[in-house]
Amino acid sequence: MSQPTFDADGITLEKVREYVWEIPQEGDMRAPARVLASEPLLEEIKEDKTLEQIKNTTHLPGITKYAICMPDGHQGYGFPVGGVGALDAEDGCISPGSVGYDINCGVRMMRTNLTYDELRGNERELVDSLFANVPSGLGGGGIVESGVDTVDEILARGVDWALEHGHAIESDLLHCEDEGMREGADPSKVSQKAKDRGKNQIGSLGSGNHFLEVQRVTDVFDDDVGEAFGLEEDQIVVLIHCGSRGLGHQTCNDYLRKIEKQHKGLLDRLPDKELAAAPAGSQLAEDYYGAMNAAINFAWVNRQLIMHRTREVFERVFERPWEEMEMELLYDVAHNIAKKEVHEVDGENRELYVHRKGATRAFPAGHPEVPKAYRDVGQPVIIPGSMGAGSYVLRGGEQSMDLTFGSTAHGAGRLMSRTQAKNEYWGGDVRDELEDQQGIYVKAQSGATVAEEAPGVYKDVDEVVRVSDALGIGDKVARTFPVCNIKG
DNA sequence: ATGTTC
């Protein structure tokens, strides 16, 4: 008896087991592709170029085991958003196109000890004060504006720079991947132009889907892990979603241009030029890795400065020291990176460039890279939903190392393009509806951005998380619901 | 995502 299949306009997926679908290797594919999704999600995923794109990624040299599309997968630049590709770090490649333009776009969650009842009535003042004090939108400056010397230090030292300059406390570093400082960052590989773009954007949200949201915890599904994460029902938390701004964008652009010149042979063999890659071991691969790691540090500092500024805003609104409100970083996760990691493949340990594009590292309990505070339960995974839907906190699941190179989904995933969204929605109406019907206060620089980010343009985050939990790659810990949101 | 069109 043959396995059930799913036909998606020319691409046939074979069901491996519940929520695991495979596009078999054929032609020039170097490995199969896997899609981790329920059938309702697959019906949405097949509507754009996601499946074609995940198939294309299997042409990258050194692709190991299989390319993976997460349940929130959607069409991206070359590599699908919600994609994981592990490429051999010795004889494979690193792909700037696959990491994408927003290097270390990611989210962090900060706890407070405030309850929703204590916050009630202050929503308007809070959202206005956050909006006034956290730079957002295109242009608009940063919390720190300085010369490229400062940018160089940030690129090299990450959050350690923020600690020295009074924008962080020690425990912030301990609750960030790599303690907020990526090894192998090489500021000299980041162009002057990228640094110039970044120097006035240190501590700024940016635009698009980036936001700062005050939320309340509505559910804790796992009491033990919830306790380890310091989460309980009705508690107020803050979620910050942003990336490396113009600096990361320029860095991606710079290296795509270099690949066109220096590795055209490899580029021409790829089915999609947007997957542009540099061969492992080449000078350009090393240079990109140094530059990308530096941009990762920049994004961490960006989120750190915004978080620290948020503490100061809460101090003014609630008239007490932020320490008293126990405003501590839960964790910071990167959604767009490549990282050298050692994974067991067919009983052998191999060094791989794990590309996670719109995907989150989800290391399980016991993994040495999980911070000590969470080592017994697994790393926190933060999954933002849309403005109207709220978000999830998961923990890295036991199956993640076997199934997904220690990864899970990163969000709800878009259902329609930004252009389409602006045709369907009007920003002012979306904002009014969120406030009147759900009591969610939204303040944005641009109405167009609100339309582009209307709750209806996103997949059902509940379904995405249900699949992650069922597969055991990221387990449900808590759910949050928006109180107020600022964006670009 | 993005000095929103190299």
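Below, each value reflects all heavy atoms present in this structure, side chains not excepted, and no hydrogens, waters or symmetry copies.
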Rounded to whole Å, CG of A:Leu247 lies from P of B:dT2 at a distance of 12 Å
Could you give the CD-to-P distance, from A:Glu260 to B:dC6, as a whole number of Å?
-> 14 Å
Length of the CD-P vector between A:Glu452 and B:dT2, whole Å | 11 Å
Name the one of A:Tyr374, A:Tyr331, A:Phe229 that satisfies ring-ring contact (aromatic ring centres under 6.0 Å, His included) with A:His175?
-> A:Tyr374
Contact class for A:Lys193 vs. all strands (heavy atom < 4.0 Å): base, sugar-phosphate, or nothing?
-> base
Flag for A:Tyr392-A:Asp462: side-chain donor and acceptor within less than 3.5 Å = yes
So what does A:Gly139 touch, heavy atoms closer than 4.0 Å: a base, only the sugar-phosphate, or nothing?
-> nothing
Separation of atom CD in A:Gln445 from atom P in B:dT4, rounded to whole Å = 16 Å
A:His249 has an atom NE2; how far is it from atom P of B:dC6, in whole Å?
-> 9 Å
Backbone of A:Gly62 reached by a side-chain donor or acceptor of A:Thr64 within 3.5 Å = yes
Base, sugar-phosphate, or nothing for A:Gly243, non-hydrogen atoms under 4.0 angstrom?
-> nothing
Scan A:Ser207 against the nucleic acid and name what it touches under 4.0 Å (heavy atoms): base, sugar-phosphate only, or nothing.
-> sugar-phosphate
Partner of A:Val301 under side chain to side chain contact (heavy atoms under 4.5 Å, CB included), chosen from A:Asp160, A:Ile296, A:Ile154 = A:Ile154
Looking across every strand, which nucleic acid part, if any, lies under 4.0 Å from A:Arg245 by heavy atom: base, sugar-phosphate, or nothing?
-> sugar-phosphate
Whole angstrom is fine here: how far is it from CZ in A:Arg418 over to P in B:dT2?
-> 9 Å
May I ask you to establish whether A:Lys258 and A:Tyr288 are in a cation-pi arrangement, using a distance under 6.0 Å from NZ or CZ to the six-membered ring centre and at most 45° from the ring axis?
-> no
Measure the distance from CG on A:Asp254 to C1' on B:dC6 and round it to the nearest whole Å.
-> 13 Å
For A:Gln201, which contact category applies under a 4.0 Å heavy-atom criterion: base, sugar-phosphate, or nothing?
-> sugar-phosphate
From CG of A:Leu138 across to C1' of B:dT2 the rounded distance in Å is 7 Å
